[in-house]
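Every number for a ligand or one of its atoms is a count from 1 in the order of the listing. Just the heavy atoms: all of them, side chains too, but no hydrogens, waters or symmetry mates, feed the values below. Just so it is clear, the model here is predicted, and its values are computed rather than measured.
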Amino acid sequence: MPNPSALQKAVALLQAGELVAFPTETVYGLGADAANPAAVQKIFATKGRPADHPLIVHLADVKGLERWATDIPPVAHKLAAAFWPGPLTLILKKQDWVPMAVTGGQDTVGLRVPAHPLALRLIRAFAAVSPQGGVAAPSANRFGRISPTTAAHVHAELGECVPLILDGGACSLGIESTILDLSRLAVHGAEILRPGGLDAPTLAKVLGVMPQQRDKKSAATAPRVSGSLASHYAPTTPLRLVDTATLPDFLAQQRAAGRRCGVLALHPPKDPGALCRVLSADPTQYAQRLYASLRELDAAALDLIVVETPPPGFTWNAIHDRLRRAAT
Ligand code: TXA
Ligand code: MG
C-alpha cells in the first residue's frame with residue numbers, strides 16, 4: 001500500500017485534470033476526472049485510443065448510480081447491491097450533463113464500483129473533493145494491447161506518460177470486468193457486451209434469466225465497443241490456439257521449421273525446445289496469471305506464442321474471449 005501522501009498526490013492530480021494509474025481487482029486503470037472533458041481527452045491521447053470508444057466511469061459506491069445514469073431499471077439496483085464493489089460494469093442511459101467525451105459520443109454510460117481497497121480509497125478521497133466523484137478509467141495499456149495486472153506492467157506500457165502510478169500489487173482477478181448492457185432492456189434484455197470477471201450463471205441468479213452475449217443481429221443496431229473488436233488484448237508476437245491433443249505434433253513441426261515457440265500450457269509439454277509457462281487448470285487462477293504470462297512470453301523474442309486451448313464451460317468464457325482476440 002502506498003503511503004497517505006501518495007494518495008493525496010493522486011487526488012490532487014485528478015483534481016488538476018491529470019492522469020493517475022491505479023490498481024483495480026480486475027486490471028490496472030488509467031484514471032482521470034470523468035466530469036472533466038479535457039482530462040478525459042488525455043486518456044485517449046496517452047493510450048492512442050480512438051475517441052469514439054467509451055470509457056468506464058468508476059464510482060465510490062452505489063449512490064453514484066443516480067448521479068451518472070437515468071432511467072435506471074430496478075434490476076440495475078439489484079445487480080449493484082449484489083455485485084458492487086466488484087467486476088461488473090453496467091451500461092445505462094447517461095444523465096444529460098455527463099460529457100460526451102467519456103461516453104464516446106453515445107447516450108449511455110458504463111459504471112462500476114471496483115473492489116480493490118486502494119481503488120476505493122482513491123475514488124472515495126476524490127469524491128470527497130469533487131462534485132461528481134467519478135473516475136474514468138480504461139485499462140492502462142496502449143490501445144489494442146494486453147491489459148496490465150501489475151504496476152510494473154503499467155510502467156512498461158505507459159511509463160513517463162503518466163504522472164503517477166499507484167502500486168497495489170498484482171490484481172487479484174487479472175481479467176477485465178463483465179460488461180452488461182441494461183440500456184436496451186425492453187427490446188434486447190440484459191446483454192453481455194464483454195464476458196469478464198463475473199460469469200453469466202452468477203448474473204442469472206440476480207437477473208432471473210440467463211443473460212445472452214450480444215449477437216451480430218443485435219450488434220448491428222448497437223454502439224461500438226473497443227473491447228469487442230476482433231483483434232484486441234494482443235501481444236506483439238503472433239499467437240495461436242492449439243488443442244491439447246495436437247500440441248506435441250504442432251510444436252515438433254515448428255521446431256523442425258526452425259521457429260522458436262513459447263507455450264502457455266495447462267499440461268507441461270515434453271518439447272525441449274519450447275519456452276513454457278504452465279497455468280493452473282482452475283479458471284480463476286488461470287485468469288489471474290494469464291496477462292502476466294503472455295507478457296513474459298511476448299518479451300522473449302519468439303516467433304510464435306502457442307496457447308493450449310483451455311477447456312469449454314462458462315467459467316472459461318472470458319478467458320476464451322480474450323485468447324480468441326489475442327490470436328486474431
Ligand atoms: O475491469 C475493467 O473493466 C477495467 C478496469 C480498469 O475497470 N477497465 C477496462 O476498460 O477494461 P476498457 O476501456 O479497457 O474497456 C472498457 C470497455 C470498452 O470496450 C468500452 O467500449 C466499453 O467498456 N464501454 C464503456 N462504456 C460503454 C458504453 N456506454 N456502451 C458500450 N460499451 C461501453
Ligand atoms: Mg482495455
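Side chain of Arg184 to backbone of Gly189: no donor-acceptor contact under 3.5 angstrom is found.
Scanning all heavy atoms of the two residues, the minimum distance from Phe314 to Asp199 falls at O-CB, 4.1 Å.
Under a hydrophobic-cluster definition in which Ile, Leu, Val, Met, Phe, Trp and Tyr are linked whenever side-chain heavy atoms come within less than 4.5 Å, directly or via other members, Leu30 and Leu59 are assigned to the same cluster. In the hydrophobic cluster analysis, where Ile, Leu, Val, Met, Phe, Trp and Tyr join through side-chain heavy atoms closer than 4.5 angstrom, Tyr233 is grouped together with Tyr286. One hydrophobic cluster, built from ILVMFWY side chains closer than 4.5 Å, holds both Leu90 and Val75.
Residue nearest to atom 16 (C) of ligand 1, selected from Ile56, Ile91, Ile43: Ile56 (by heavy-atom distance). Proximity annotation for atom 25 (C) of ligand 1: of Gly104, Pro138, Pro54, Gly110, Pro54 comes nearest, heavy atoms only.
The N/O atoms of Thr108, backbone and side chain alike, include one that comes under 3.5 Å of an N/O atom in ligand 1. For Glu176, no nitrogen or oxygen atom sits less than 3.5 Å from a nitrogen or oxygen atom of ligand 1, counting backbone and side chain alike. The shortest N/O to N/O separation between Arg112 and ligand 1 falls below 3.5 Å.
Atoms of ligand 1 found under 4.0 Å from any heavy atom of Val109, numbered from 1 in the order shown, are 29 (N). Counting the atoms of ligand 1 from 1 in the order shown, those under 4.0 Å from a heavy atom of Thr26 are 1 (O), 2 (C), 4 (C), 5 (C). Those atoms of ligand 1 with a heavy atom of Ser177 less than 4.0 angstrom away are 1 (O), 2 (C), 3 (O). Listed by atom number, the atoms of ligand 1 under 4.0 Å from His58 heavy atoms are 5 (C), 6 (C), 7 (O). Less than 4.0 angstrom separates some heavy atom of Leu193 from each of these atoms of ligand 1: 31 (C), 32 (N). The ligand atoms of ligand 1 that sit less than 4.0 angstrom from a heavy atom of Arg49 are 12 (P), 13 (O), 14 (O), 18 (C), 20 (C). Each of the following atoms of ligand 1 lies closer than 4.0 Å to a heavy atom of Ile179: 17 (C), 22 (C), 23 (O). For ligand 1, the atoms lying closer than 4.0 Å to a non-hydrogen atom of Leu55 are 25 (C), 26 (N).
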Pair Glu308-Thr244, side chain to side chain donor-acceptor pair (under 3.5 Å): steps then yes or no: CA-CA 6 Å; Glu308 179 179 356; Thr244 307; 2.8 Å; yes
Between Ser177 and Arg194, does a side chain to side chain donor-acceptor pair (under 3.5 Å) hold up when you go through it step by step? CA-CA 8 Å; Ser177 63; Arg194 178 180 72 182; 3.2 Å; yes
Working note: Glu176 + Tyr291, criterion side chain to side chain donor-acceptor pair (under 3.5 Å); need CA distance, chi angles, decisive distance, verdict. CA-CA 11 Å; Glu176 299 83 352; Tyr291 289 154; 2.9 Å; yes
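Distances shorter than 4.0 angstrom do not occur between any heavy atom of His53 and any atom of ligand 1. Not a single heavy atom of Lys94 lies less than 4.0 angstrom from ligand 1.
Distance check for Ser139 against the Mg ion (ligand 2): an N/O/S atom falls below 2.8 Å.
Between His53 and Phe143, a ring centre-to-centre spacing shorter than 6.0 Å is recorded.
Residues Glu191 and Arg214 are paired through a salt bridge, judged by an N-O separation under 4.0 Å between the basic side chain and the carboxylate. A salt bridge links Lys42 with Glu18: the closest approach of a Lys/Arg side-chain nitrogen to an acidic carboxylate oxygen falls below 4.0 angstrom.
Neither the backbone nor the side chain of His116 comes within 4.0 Å of ligand 1, counting heavy atoms alone.
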